[in-house]
Protein chains: 2
Amino acid sequence: MFFYSFETKKLNFLTKHKDLILYGFSLAILLFLLKWIELHFVIINHSFEIYVGLIALFFTALGIWLALKLNKPTIIEKEIFTNKKGFKLNEIEVQKLGLSKRELEVLHLMSTGLSNQEIAEKLFVSLNTIKTHASNLFEKLDVKRRTQAIEKAKRLSLIE
Amino acid sequence: MFFYSFETKKLNFLTKHKDLILYGFSLAILLFLLKWIELHFVIINHSFEIYVGLIALFFTALGIWLALKLNKPTIIEKEIFTNKKGFKLNEIEVQKLGLSKRELEVLHLMSTGLSNQEIAEKLFVSLNTIKTHASNLFEKLDVKRRTQAIEKAKRLSLIE
DNA sequence: TTTTAACTCATACTTTTGAGTGATTTTATC
DNA sequence: GATAAAATCACTCAAAAGTATGAGTTAAAA
């Protein structure tokens with residue numbers, strides 16, 4: 001019980017140094033225990049096998065505990081392919097293309113599947129305004145359709 | 001050496017069952033060893049402490065080995081952000097939505113920014129056919145526009 | 001202060017897209 | 001060979017998208 005809570009709660013604080021101290025401490029206890037068990041061995045004679053068995057059991061446990069403590073966890077890196085997180089906007093490309101803040105905004109809303117009308121409502125401007133932005137956008141991106149714009153924008157990390 | 005190669009190469013094949021068998025096997029060997037060491041103990045008398053020490057050492061080693069064997073490696077998930085590589089088509093979702101091969105094809109071409117007319121030319125069918133496919137596609141995906149379809153399809157790993 | 005770029009909006013027009021309906025052919029399955 | 005699903009195509013109508021042009025407003029920069 002002592003070892004268990006110690007392991008789980010303070011696992012990260014254990015350094016090689018502390019482990020060594022702990023090991024020495026354990027050995028001291030063990031020597032004492034051995035002598036104690038030996039005494040019983042003298043009293044209860046002919047129970048040699050039991051004595052050996054106890055020692056074997058105890059040291060097996062010690063070995064297990066030691067190994068679990070000293071063994072650094074094997075780290076298996078598992079790759080997770082993610083699209084959404086870790087996005088870094090390509091500001092260089094944005095500047096190179098001369099995209100304005102509003103245009104980038106419209107572009108992003110486009111990519112979410114909104115219609116021009118919906119974008120207009122979301123940004124509190126008229127449909128014509130959005131159309132103008134869209135047209136300028138397509139010209140700057142050198143595309144003909146919004147689907148192309150979205151594709152290119154994602155490819156250039158302008159959005160998403 | 002034997003154990004090492006066994007660990008690394010067959011790590012995934014080791015089940016609880018096999019571990020138990022291995023443990024039993026080890027115990028059998030140990031009993032034999034104990035008897036052997038005991039024999040030496042009888043011959044070389046008064047070396048009781050050495051005998052105990054050997055057993056202790058051996059079982060500590062056994063414990064360590066056991067722990068290393070039984071201890072499952074800690075799996076640390078590391079996210080790697082990749083856009084293009086490692087794409088796995090979500091066939092389960094495709095089936096769930098009931099998308100046909102042709103519909104999926106049209107969907108993919110849509111996502112590349114092609115117009116219906118261009119898709120029709122690419123697939124050597126009429127514009128009307130593509131429109132029909134698109135309509136069915138939108139119904140199945142429960143969307144209203146192609147941009148929404150593309151967005152949803154990418155989200156569900158139906159394309160790209 | 002003038003200039004410039006960004007943002008706004010309108011009108012007119014064209015093209016593309018999408019909805020709805022119906023029908024024929026192909027292909028695979030029972 | 002019947003059946004069902006998939007693919008094909010047409011026609012109409014409506015909605016959305018896109019083009020072109022012109023113009024007013026605002027805010028920042030020269």
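Proteins come first, then strands; the chains are lettered A, B, ... in the order of their sequence lines, and each starts at number 1. Heavy-atom basis, side chains included; hydrogens, waters and symmetry copies ignored. Because the structure is a prediction, the values reported are computed rather than measured.
Side chain of B:R145 to backbone of A:L114: no donor-acceptor contact under 3.5 angstrom is found.
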task: Scan nucleotides 5-15 of chain D nucleotide by nucleotide, 5' to 3', and note B when protein non-hydrogen atoms come under 4.0 Å of the base, S if they reach only the sugar-phosphate, - if neither.
output: -SSBBBB----
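A salt bridge is absent between A:R146 and A:E151; no separation between the charged side-chain nitrogens and carboxylate oxygens falls under 4.0 Å.
Atom CG of B:L137 and atom P of C:dG18 are 10 Å apart (whole Å). A:R146 has its CZ atom 19 Å from the P atom of C:dT15, to the nearest Å. Between the CG atom of B:L107 and the P atom of C:dG18 there is a distance of 12 Å, rounded to whole Å. If you take CG of A:N116 and P of C:dC9, they are 14 Å apart, rounded to a whole angstrom. Taking atom CD of B:E118 as the reference point, atom C1' of D:dA17 lies 15 Å away to the nearest angstrom.
Annotation: side chain of A:L137 is not in contact with side chain of A:V143 (no heavy-atom distance under 4.5 Å). Looking only at side-chain heavy atoms (C-beta outward), B:E121 and B:L127 stay at 4.5 Å or farther from each other. Between A:L158 and A:L97 the shortest side-chain heavy-atom distance falls below 4.5 Å.
Counted within 6.0 Å of CD on A:E91, heavy atoms from surrounding residues, nucleotides or ligands total 12 or fewer; the atom is thus considered open.
As judged by a 4.0 angstrom heavy-atom cut-off over every strand, A:S115 is placed among residues touching the sugar-phosphate backbone only.
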